[in-house]
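So that the names make sense, note that chain A is the first sequence line, chain B the second, and so on, each numbered from 1.
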Amino acid sequence: MALERYDIAVIGAGVIGCAIARAFTLDGAKVVVLEKAADVLDGASKGNSAILHTGFDAPEGSLEQRCVAEGHAEYLSIREGLGLPLDPCGALVLAWNAEEEARLPALLAQGHANGVRDATPLTAAQIRSEEPNLSPRLRAGFRVPGESLIDPWSAPHAYLLQALLNGATLLRNAEVTGGQHDGTDWHLDTAAGPLRAGLVINAAGLWGDLLDERLLGQRDFTIRPRKGQFVVYDKSAAALARHILLPVPTEKTKGIVLCRTAFGNLLVGPTAEDQEDRVTAALVPDTLAALRAKGEEILPRLRDHEVTSLYAGLRPATQYKEYRIKAHPDRAMITVGGIRSTGLSSALGTAKHVRALAETLGHRAAPLADPVTPRLPNISATAPRDCHAPGHDGLICPCEEVTRREVEAALTGPLAPNTLAGLKRRTRVTMGRCQGFYCSAALARLTEGRLAQPMTGPTDRMED
Amino acid sequence: MTRIAIIGAGPTGLSAAATLASAGHAVTVIEREPEPGGIPRHCGHSPYGMREYRRLLSGRAYARRLAATAATAGAQIRLSTHVTALHPGGRIDLLTPDGPETLTPDRVLLAMGCRESSRAARMIGGTKPGGVLNTGALQGLVYLDHLTPFRRPVILGTEMVAFSALLTCRHAGIRPVAMVEPGPRPIARFPAALLPKALGVPLLTRTQVTAIEGEDRVRAIHLATPKGARRIEADGLILTGLFRPETQLLRPGPVLLDPGTGGPQIDQYGRCSDPAYFAAGNLLRGVETAGHCWAEGRAVAQAVLADLEGHLPAPETGCALTTGAPLRYVLPQRIVTGDLPPAFPQLYLRLAEPARGTLLLTAPETQAALGQIDSRPERRLSLPLPAPSVAAAEVTLRQP
């Protein structure tokens with residue numbers, strides 16, 4: 001039997017893979033997305049700071065800067081159609097000592113050079129009139145109005161769902177175990193069976209270098225996972241800051257951010273800790289305590305608020321600061337690697353860049369005349385939620401106001417989750433203050449037999 | 001007929017509802033769960049009901065009985081209904097299965113109870129696999145849904161509820177591998193503390209849970225013991241106790257909260273800083289027994305009745321009480337001036353750390369001894385309610 005053939009195989013269903021799958025599908029290509037985990041967004045994309053950056057602080061003339069700027073612009077143009085939230089709160093870059101203050105003019109000039117022309121300097125007094133809860137140690141800063149808060153999971157879900165509804169195929173639990181290029185097509189072996197593809201896109205994130213090695217026998221970079229730990233404060237703390245509060249960035253990291261989230265909490269993080277492990281992002285109490293102390297140094301009143309959750313993510317950093325995006329013309333493959341920390345902002349721009357690279361490899365597009373545009377249910381605090389409309393069948397998660405109807409809807413359709421973690425990302429269920437105290441039992445009942453990886457083991461039904 | 005809204009259909013709210021409805025008032029109890037009863041509803045084991053019904057009941061039977069008593073008295077219980085905001089003067093916003101709604105009752109009784117601290121609030125490190133639960137969630141799974149989330153968990157904590165978790169495990173055929181207590185001895189009193197030994201579960205004191213290991217499911221629990229780090233193979237972790245008042249609704253106002261209890265500030269009638277609101281039960285300070293809450297609900301309901309008849313002393317009079325280390329809180333936080341018998345006839349105190357000495361009521365110019373204590377943080381202390389003649393006083397401890 002002939003193997004199923006696709007024009008494009010995208011390996012990795014993180015935010016980058018999802019955006020690339022959408023771009024090629026809308027271009028008329030037959031696309032398959034191969035994800036080795038049980039659900040999408042299970043690697044680097046599962047934990048980030050959920051900010052839509054402008055790229056003001058990216059290196060001038062870099063590919064990263066261009067992808068972030070274009071990704072930002074495209075998000076703004078497509079988000080309403082897809083039902084994606086935006087909280088255009090703007091950011092303040094804050095200097096806390098003389099050294100940081102001295103670096104502000106150059107950073108502002110860099111922002112202007114990067115096309116972020118509306119960034120404007122502010123005195124400490126001007127900043128405190130807008131952010132009265134900031135510590136009085138503040139020296140100076142500047143405003144970047146375009147920095148915004150978004151939902152880090154609905155966005156990639158929307159990209160992938162649009163691809164799926166327009167003909168793309170998603171295979172989960174489908175690790176690519178090997179492959180050969182026969183001069184025309186790739187023959188890929190996957191955990192979900194073999195298939196053929198005209199062009200392979202490596203969007204494998206934390207595994208990108210190893211996948212290059214597996215398919216090409218060589219790699220141009222080495223992933224050095226960089227862990228970021230975060231502390232999420234209760235929704236009661238969200239009123240403490242109106243803007244995204246950014247530090248003066250360093251060569252290695254954008255530094256520790258304080259901001260509200262699209263879900264109405266207040267976030268402090270991330271740390272930047274290099275490690276070898278590509279899978280485990282362990283929470284470390286001492287580091288988290290230091291993060292809290294840092295947050296409370298900037299916003300002293302944070303002390304009065306409870307911590308709702310802790311999380312840690314891994315960024316696929318490499319030995320290079322710049323993205324590692326490279327076409328391999330003789331092997332019909334494009335590597336999209338080293339999308340370090342700006343992936344959520346740059347994904348749509350990165351996808352555009354990859355599409356252009358594919359053309360240089362001979363890929364020809366015939367854009368869909370009338371593509372389907374799905375509208376994602378709003379789970380952010382920026383617009384009314386499902387619970388405000390009648391017939392929602394009760395709240396299953398009171399803390400996050402998640403309705404039974406929302407969970408039912410999330411459990412159906414082409415992008416239904418396989419895991420509880422996936423269901424949380426789609427609905428926010430159990431992600432609130434009580435962290436499952438009230439809703440775990442009802443949720444286990446509602447999802448029984450409907451998640452490939454159940455909340456309780458398959459043999460765990462007690463005899464009544 | 002006066003309209004009274006009660007938020008929460010646990011033992012506190014339901015006993016208050018029965019009292020107020022029996023007196024002829026229009027009582028609406030608002031409950032976000034699909035069934036009334038509160039925490040006892042999740043609890044399949046005894047003992048409940050001795051104080052209230054003079055018989056031994058399981059938690060579920062007790063919950064059913066409380067709800068039936070309130071309903072028979074004429075209270076309306078609205079289920080699957082959430083309160084989303086409280087406004088000054090008692091106006092409350094609801095989210096019902098049919099959408100938003102606003103109520104304008106004459107009085108509101110806050111009886112939202114408490115919940116156990118989450119993993120995040122305890123700052124436990126490691127990964128975030130499935131199989132990490134509070135007792136509340138465990139009991140829901142076991143008794144309501146007949147599911148077992150794990151087979152060999154570690155139990156963290158030794159408050160009374162931890163032994164309830166142990167009984168729940170036993171009921172479900174779950175065999176805990178250890179019970180872990182950061183302090184030097186179990187917090188719950190004899191005879192509960194004998195239970196682990198009777199069931200063959202090692203009790204490790206002076207031990208902290210430092211990290212959770214595992215990807216999809218828990219694989220091991222990492223401990224810091226007096227003898228150093230230790231790794232125990234386990235497939236779950238039960239986080240028990242460290243109850244916190246369920247105050248998410250109260251954060252934006254209009255009632256003032258007490259940083260010591262974490263709950264609303266009240267006077268000896270259970271009246272909050274906005275006098276349209278009263279509060280009772282575990283919302284005030286974390287966990288007490290269901291029977292204690294039931295009695296408190298009744299007592300505060302009597303105060304509400306007195307208030308509706310104009311007999312309650314004026315609010316914001318009398319003496320405001322504060323405290324500080326080594327004391328964690330005093331309750332009530334205000335003693336208003338008046339002769340009406342109080343809903344809280346005693347002053348409740350908690351220590352933040354083990355301490356002994358003489359409790360003093362201290363104000364500028366005056367100091368009065370309230371009594372001697374020698375106690376630990378887990379014990380509830382009570383003293384006769386003082387009647388201070390000053391506008392503000394601090395409860396302090398003179399240590400020897």
Side-chain angles (χ1 to χ4, degrees), chain A residues 38 231-232 234-237 239 279-289 292 304-312 387-395 398-399 401 403 419-421 432-442 444-445 448 453-457 459-464, chain B residues 32-34 42 79-82 84 95-100 115-128 130-151 172-173 210-213 215-217 235 239 244 246-248 251-252 259 262:
Chain A
V231 176
V232 182
D234 190 85
K235 291 180 200 288
S236 60
V279 178
T280 307
L283 296 165
V284 181
D286 289 349
T287 317
L288 291 160
R292 283 180 75 172
D304 305 333
H305 297 268
E306 284 185 36
V307 170
T308 290
S309 79
L310 308 170
Y311 69 96
C387 60
H388 295 103
H392 56 65
D393 200 19
L395 297 192
C399 302
E401 300 189 341
T403 69
T419 63
L420 175 63
R433 295 177 181 95
C434 85
Q435 297 278 295
F437 179 89
Y438 291 111
C439 59
S440 292
R445 186 174 6 173
E448 202 186 2
Q453 279 180 18
M455 285 177 70
T456 53
T459 59
D460 286 344
R461 188 92 195 165
M462 283 165 67
E463 296 305 314
D464 209 341
Chain B
R32 64 186 185 183
E33 294 277 321
H42 297 230
L79 301 170
S80 300
T81 300
H82 301 251
T84 53
L95 198 54
T96 80
D98 298 319
R115 64 178 149 85
E116 294 168 288
S117 291
S118 70
R119 172 194 175 163
R122 297 169 201 246
M123 300 285 278
I124 296 172
T127 54
K128 296 176 81 174
V132 180
L133 297 176
N134 287 115
T135 316
L138 172 70
Q139 292 184 332
L141 285 170
V142 167
Y143 290 120
L144 302 183
D145 297 305
H146 309 284
L147 295 167
T148 49
F150 34 56
R151 292 287 173 194
T210 53
I212 298 167
E213 179 192 322
E215 279 81 52
D216 297 327
R217 312 292 305 171
D235 64 356
L239 304 167
R244 323 186 69 107
E246 182 57 273
T247 53
Q248 53 167 308
R251 289 269 173 181

- prompt: What closest approach, in Å, do A:S440 and B:L133 show between heavy atoms, and which atom pair accounts for it?
  reply: OG-CD2, 4.1 Å
If you round to the nearest 0.5 Å, how far is [atom2] of [Y] from [atom1] of [X]?
X	Y	atom1	atom2	result
A:C439	B:E33	SG	CD	9.5 Å
A:L310	B:M123	CG	CE	5.5 Å
A:C434	B:Q248	SG	CD	8.5 Å

Of the backbone (N, CA, C, O) and the side chain (C-beta and beyond), which part of [X] lies under 4.5 Å from a heavy atom of chain B, both, or neither?
X	value
A:D286	neither
A:V279	side chain
A:T308	backbone

Among [options], single out the residue with the greatest number of heavy-atom pairs under 4.5 Å to chain B.
options	answer
A:D304, A:T419, A:L395	A:L395
A:C399, A:A389, A:A282	A:A282
A:A421, A:A289, A:P390, A:A442	A:P390
A:H392, A:H305, A:E401, A:R433	A:R433

message: I'd like to check B:R251 versus A:E306 (side-chain heavy atoms, cut-off strictly below 4.5 Å). Are they in contact?
response: yes
Go through the atoms of [X] and report whether side chain, backbone, both or neither lie under 4.5 Å from a heavy atom of chain A.
X	result
B:D216	side chain
B:T210	backbone
B:I124	backbone
B:E213	neither
B:T96	backbone

- line: Residue from B:A121, B:G140, B:P97, B:S80 scoring the most non-hydrogen pairs under 4.5 Å with chain A is B:P97
- request: Output the option from B:A137, B:G126, B:S118 having the highest count of non-hydrogen pairs under 4.5 Å with chain A.
  value: B:G126
query: Between B:K128 (side chain) and A:A312 (backbone), is there a donor-acceptor pair under 3.5 Å?
result: no
